[in-house]
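One structure below.
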2 protein chains.
Amino acid sequence: MLTERQRLILNAIVDDYIRSAEPVGSRSISKRGDVGYSPATIRNEMADLEDLGFLEQPHTSAGRIPSHKGYRYYVDHLEPIYQGLPTELRSLRNYFAEKLNASEQVIQHAAMILSHITNYTSILLGPEVFHTSLRHFQLLSLNETTAVAIIVTSTGQVESKTVSVPPGVSVSEMEKVVNLLNSKLVNVPLYKLKTRLYRELGQEMERHLTNFEEMIGILDNIFVDTDTDQRVYLSGATNMLTQPEFKDVEKVKDILDLLEETPTLMKMMAATQGSAGIQVRIGTENDHEAFANCSLITATYSLDGEALGTIGILGPTRMEYARVMSLLGILSKDLTTMLSKLYK
Amino acid sequence: MLTERQRLILNAIVDDYIRSAEPVGSRSISKRGDVGYSPATIRNEMADLEDLGFLEQPHTSAGRIPSHKGYRYYVDHLEPIYQGLPTELRSLRNYFAEKLNASEQVIQHAAMILSHITNYTSILLGPEVFHTSLRHFQLLSLNETTAVAIIVTSTGQVESKTVSVPPGVSVSEMEKVVNLLNSKLVNVPLYKLKTRLYRELGQEMERHLTNFEEMIGILDNIFVDTDTDQRVYLSGATNMLTQPEFKDVEKVKDILDLLEETPTLMKMMAATQGSAGIQVRIGTENDHEAFANCSLITATYSLDGEALGTIGILGPTRMEYARVMSLLGILSKDLTTMLSKLYK
DNA sequence: GTTAGCACTCGACTTAGATGAGTGCTAACC
DNA sequence: GGTTAGCACTCATCTAAGTCGAGTGCTAAC
């Protein structure tokens with residue numbers, strides 16, 4: 001579709017623009033060592049590239065900037081960099097190796113390090129509960145009317161919920177239910193928990209319990225959203241403010257607002273989770289108007305072939321695709337390896 | 001110290017400035033109904049107030065804006081508003097009444113509502129673990145090398161931590177320790193947990209366990225920061241961007257950066273926790289340079305007279321002190337009442 | 001096919017002038 | 001003596017005009 005020379009020039013323009021955030025002129029491309037043509041020749045090719053939709057001109061007498069289509073082409077034809085291990089990743093890798101247990105604070109900290117080394121915003125989607133199974137269930141009464149339910153998953157995540165206990169439900173009854181659940185439902189995937197609970201244990205429970213109805217009410221309350229619970233960790237949102245294209249408060253406001261909405265973030269990250277490898281969504285490819293000038297690069301890490309969580313880096317469309325894609329690639333592989341070692 | 005007329009004028013200026021974010025001139029004060037003097041008279045008083053340090057002039061021919069001292073005086077002499085229940089608070093109150101159990105999501109949601117109705121940034125410091133006591137302890141092994149420790153407090157908070165188990169420590173040994181802890185340390189305040197553990201159970205554990213050293217290592221790891229663990233919930237950070245004084249990205253950047261640092265936030269909020277009632281820290285009274293143009297209003301809620309957590313609203317120094325102070329006052333009382341009902 | 005030259009475009013920056021909100025001071029008024 | 005009207009003065013903000021320069025498109029020559 002594009003000639004080799006066009007590809008070369010487009011590449012040079014995107015590279016330059018990523019670095020400078022200013023429209024790129026023909027002369028500056030010519031002066032770089034790697035494109036051995038005069039400004040005039042490059043100008044001709046630039047005009048063609050603009051006709052083809054790969055470049056845009058902010059105004060008549062300015063240089064060119066890449067269009068979304070231009071970025072897309074650039075990303076799709078990117079050559080992998082980082083043969084060796086980048087020194088910047090070393091700290092993060094060490095950190096994970098040290099604390100293999102993926103507790104909340106560890107993930108939050110990882111998000112922080114990631115946003116620091118990239119200077120972009122990092123979004124981590126924590127291990128998905130969906131595909132993990134029940135390891136242990138417990139119900140602890142705090143006083144006559146309140147109890148805490150605790151669910152531990154096979155990957156060591158702990159979810160808890162405070163529930164109110166209707167009068168008439170005794171501690172011994174709760175114990176019965178807990179024992180029943182622990183003996184029958186351990187190793188059942190969380191997303192099947194609710195159906196299995198009703199189908200297989202309904203009758204048994206009805207037989208053993210005097211306050212069947214109330215008990216079911218409590219359990220309902222506990223398991224109501226175990227099948228969708230997932231956590232997002234955000235760090236470096238303010239890095240958006242350092243990008244020259246967002247020096248106007250109006251423009252960042254919407255972006256930061258969206259970043260504060262955890263459910264939206266979750267949906268956005270989850271949308272990429274289906275396909276393996278590194279995903280790049282450029283500008284309007286993200287289905288949010290606020291992100292029309294942002295790109296999101298994501299990678300998924302997994303356990304036993306099942307996608308567990310997602311790592312994402314959000315930056316302006318003019319972001320360092322090559323570097324970030326390599327980083328995420330290495331990191332997601334690292335995580336996958338470590339997790340499989342941990343829960344083999 | 002100030003004459004009645006000076007107080008009246010200062011009040012009018014602060015009020016106007018809070019509304020408009022523009023320097024206030026003598027004429028506009030005169031035109032408000034409540035100060036019945038001509039611009040000239042007001043100008044004279046304004047000059048005096050500036051000499052006394054209550055007002056400042058951005059430049060020679062501009063109006064006056066309140067100095068930090070001016071805000072301080074205004075706040076200290078503020079008359080309580082909101083005799084009735086403000087309608088804006090109703091939704092929040094209902095929300096709490098519905099879900100008395102103070103789980104994480106509830107607090108996060110409360111922070112969101114609060115930032116929405118105030119249009120400022122809300123910072124909630126979750127129930128402090130420090131003064132709560134141990135309700136239940138549990139250690140669940142996930143595989144040969146990993147286990148999850150779960151601590152439930154008397155207020156129903158659940159803390160968990162993944163720990164690695166050194167080879168040689170058996171499941172039955174862990175059970176022994178768990179039983180020992182549950183029988184001896186229930187109802188001990190968390191901050192005394194570590195010392196009690198070593199002093200009173202050290203010998204007993206040494207007698208019963210074959211891998212005493214390793215076990216101590218694990219427990220150390222679990223309890224290492226139980227005495228300081230507290231959570232902050234932040235919402236509406238982007239509301240800062242809507243304030244005209246922060247329309248320059250440079251100025252907000254530092255503020256938002258600081259808001260992302262949870263430990264700093266925690267320290268800041270915790271600093272106000274000693275004294276009861278509503279605290280107002282104006283400008284440089286917050287010990288962070290980034291907050292030199294911000295004010296923080298906080299209120300503490302408690303259980304049995306012990307401070308449990310803190311609610312805070314952060315805005316520009318030019319913030320609606322009267323309204324926010326009233327809101328927080330009502331809310332903290334509500335929370336205190338509800339908590340005492342819940343855990344009587 | 002490539003390059004040099006040149007007229008042209010247009011945003012960004014600079015300067016000068018006009019505008020108006022607001023002050024400080026003086027003198028008159030009650 | 002406290003209060004107010006009047007007036008000269010200040011200074012940020014806005015506007016218009018002018019300059020600058022980076023960059024283009026086109027043509028003609030290599």
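Everything quoted here is computed from the prediction, not taken from an experiment. Chain letters run A, B, ... following the sequence lines, proteins first, then strands; residues in each count from 1.
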* To do: Under a 3.5 Å limit for both distances, which nucleotide forms a Watson-Crick or G-U wobble pair with D:dA16, could you say?
  => C:dT15
* Rounded to the Å, how far apart are B:Asp16 CG and C:dG22 P? -> 11 Å
* Listed nucleotide nearest any side-chain atom of B:Asn44, set C:dT23, D:dT4, C:dC6 -> D:dT4
* Asked: Does the side chain of A:Ser38 get closer than 4.0 angstrom to OP1 or OP2 of C:dT3 through an N or O atom?
  -> yes
* Go through the structure and list residues passing salt bridge (charged side-chain N to carboxylate O under 4.0 Å, His left out) with A:Asp254, not counting sequence neighbours. => none
* Value in whole Å for how far the P atom of D:dG21 lies from CD of A:Glu22 -> 17 Å
* Structure fact -> From OH of B:Tyr17 across to P of C:dG22 the rounded distance in Å is 14 Å
* Rounded distance in Å - CD1 (B:Ile29) to C1' (C:dA21) -> 14 Å
* **Paired nucleotide for D:dT3 [Watson-Crick or G-U wobble; both distances under 3.5 Å]** => C:dA28
* Heavy atoms under 4.0 Å, any strand shown: does B:Ala62 hit a base, just sugar-phosphate, or nothing? -> sugar-phosphate
* Between atom CZ in B:Arg27 and atom P in C:dT23, what is the gap in whole Å? -> 11 Å
* B:Thr238 and A:Asp257: side chain donor to acceptor below 3.5 Å -> yes
* Could you tell me whether the phosphate oxygens of D:dT3, OP1 or OP2, come under 4.0 Å of any side-chain nitrogen or oxygen in B:Thr41? => no
* Asked: Counting any heavy atom closer than 4.0 Å, what does A:Thr60 reach on the DNA or RNA strands: base, sugar-phosphate only, or nothing?
  -> sugar-phosphate
* Do the side-chain N or O atoms of A:Arg5 get closer than 4.0 angstrom to the phosphate oxygens (OP1, OP2) of C:dT2? -> yes
* To do: Could you tell me the separation between the CD1 atom of B:Ile42 and the P atom of D:dA5, rounded to a whole number of Å?
  => 12 Å
* **Integer-rounded Å distance: D:dT4 C1' and B:Lys31 NZ** => 17 Å
* Between A:Glu45 (CD) and C:dT3 (P), how many Å, whole number? -> 11 Å
* Taking only N and O in the side chain of A:Ser61, is any of them less than 4.0 Å away from OP1 or OP2 of D:dG21? -> no
* To do: In sequence, state the C-alpha distance, the side-chain angles, and the governing distance for A:Tyr321 and A:Ser295, and then conclude on side chain to side chain donor-acceptor pair (under 3.5 Å).
  => CA-CA 9 Å; A:Tyr321 294 97; A:Ser295 284; 2.8 Å; yes
* Taking OP1 and OP2 of C:dG24, is either one under 4.0 Å from a side-chain nitrogen or oxygen of B:Arg64? -> yes
* Out of C:dT2, C:dG24, D:dC26, which nucleotide sits closest to the side chain of A:Arg43? -> D:dC26
* Taking all non-hydrogen atoms of both residues into account, name the closest pair between B:Val252 and B:Phe246 and its distance. => CG2-O, 3.4 Å
* Salt bridge or not for B:Glu320 and B:Arg19, using N-O below 4.0 Å? -> no
